[in-house]
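This report refers to the structure that appears directly beneath it.
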Amino acid sequence: MSAFCTGVRNVMELSVKNFKFHTSVVTFFAVLTVLCSSEVPRPRGVSLSRASLYSPDRNFLCFDNSKTIAFSQVNDDYCDCPDGSDEPGTSACPNGIFYCANAGHKPLNLASSRVNDGICDCCDGSDEYAKYTVTCSNICLQLGRHAREEAQRKAELIKAGKHLKAELSQRGIQRKEEKKEKLVELQKNKDEAEKVKAEKQKLKDGIEALENKALELYRKLEEEEKKQKAEAEAAKNRVEATETFNKFDSNQDGLIDLSELQTRQTFDKDRNGEVSEEEAKYFLNNEESVDLEKFITDAWPNIKPYLMMDAGLFKPPTTETTPGELEDLQEGEEDEEHDDGATDGEEEEEEEEEPYQPEEQVDEPSKALQYDEETQKIVDQATSARNEFAEAERAVRDIESEIKSIQEYLEKDFGPDEEFASLEGECFDYSDHEYIYKLCPFEKTTQQPKSGSAETRLGTWGRWDGLEDNKYEFMLYDRGQSCWNGPQRSSKVKVVCGTENKVTSVSEPNRCEYLFEFVTPAACRELSNDDDLHDEL
Ligand code: MAN
């Protein structure tokens, strides 16, 4: 019988591992396994592998070697061994382990406190043998069948996916190689470009030194010209001021006093029909009277803008009058001039007065200095040397930035066999009733409301974030747009084996924390021990 059972177990293991048999054959062997697994006599709660440690023919030695007890004390509902090994089938020891065979499905090790606690933990119901609280039916065959079908489906998927994954890996490896080759080439180009830059710099520095020297004379000339211009301006201003002084000094006493300004409508700042003393004083810089020198330095700067305004040459920006007020002022002025037929002689005289005219246009543009032929040649050479240097500098910068982006690419972890590399640069959409989500592997995740408003970044590529046994199971995209009154958005992407690249679901388990599920052949890998059915027998 024992040899038969060993044979049954071997066939079962083989069938499940290789998925070569029809499901009905597997089920038949599963039933035989159930029969065989109950065949080895052992105390309740003991696994097959430990059965030999519990022999009714001899005393029982606690697993920690601390004690030897009579075999009759095993499972007597009294805890003798400190490690709980004498009570595998009761809840007497707080640290005891109960083993359910679950024949036909996966065996299970339970904390012995769960034995006879009224909850069916083992699918074969063996943990609730007291039956005073609950009766558990044995559902291991159904569960086992379902698990095997699921495992078979998975295995078939993996088989198909692995084929595609191999192609992806090949492409990824090739892409990486190409990038590495490009990097070597770029390094060479950079060395070359730096040499060119150094040469261009030398040429530029040399010609600029010549240019500086050649332009020294012109700079002096330019300064001189500026100075002369300023002096001419000052002289012109003085002439104008003097002429105006003489015109205003009606009694010719060499002084302009308030009364001499009060006769001139120009200085009626508030346009009330008369020039008050206060108004006149403003123009004389708060003096009662000024001589020519004071007039030029202190009064003329106040008077000139008003004369220009009168002549329509200048509309000063003023804090006292808004542009609208100024317009009103000018209109008012015109009206007064028309209405004022019966005013006294002086005013009539003044009306006839020629409007103020500056000597000549003040801001005459200065003519650009003409260089002599030799200097012009040097300036042109320097200009083109500067351009060439800037060009060489740009070339180095461009190569550097290309190198940087290749280095960043090479630093990215595209999986142990570069199988995820081809996902870079692509984006995959997923649409639910409210949003269109986007996963751009190794770049970002986004969410766009279907209503059309702006896209929200749910995260920026961070790292692989799976557990140690498969770090490629999850991607983390963090540092997304801030959540209102909350943290920055972030997304996790569960990467699952599939025969195509596709986002299959997106959810928001916590506010502003998103979970994408993405299937791709790149994630197809051999089943781990946890996944295969070896233990289920
Ligand atoms: C938007 C979306 C949601 C998110 C809220 C948080 O409506 O990004 O996913 O939960 O903002 O305010």
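All residue numbers in this chain count up from 1 along the given sequence. All ligand and atom numbering here is 1-based and tracks the order in the structure.
Annotation: salt bridge (charged side-chain N to carboxylate O under 4.0 Å, His left out) contacts of D413 (sequence neighbours excluded): K471. By the ring pair (Phe, Tyr, Trp, His ring centres under 6.0 Å) test, F516 pairs with Y437, sequence neighbours left out.
Taking a heavy-atom cut-off of under 4.0 Å, ligand 1 is surrounded by Y435, Q447, C483, R489, E508, R511, C512, Y514.
Counted by atom type alone, S505 and K494 present zero donor-acceptor pairs between their side chains at under 3.5 Å.
Between W464 and Y472, the two ring planes are perpendicular [angle over 60°; tilted spans 30° to 60°].
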Less than 3.5 Å apart, which donor and acceptor atoms pair up between the side chains of residues 184-202 and the rest of the protein, not counting sequence neighbours?
from	atom 1	to	atom 2	distance (Å)
K200	NZ	E388	OE1	2.8

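In this model, C512 has its SG atom within less than 2.5 Å of the SG atom of C483.
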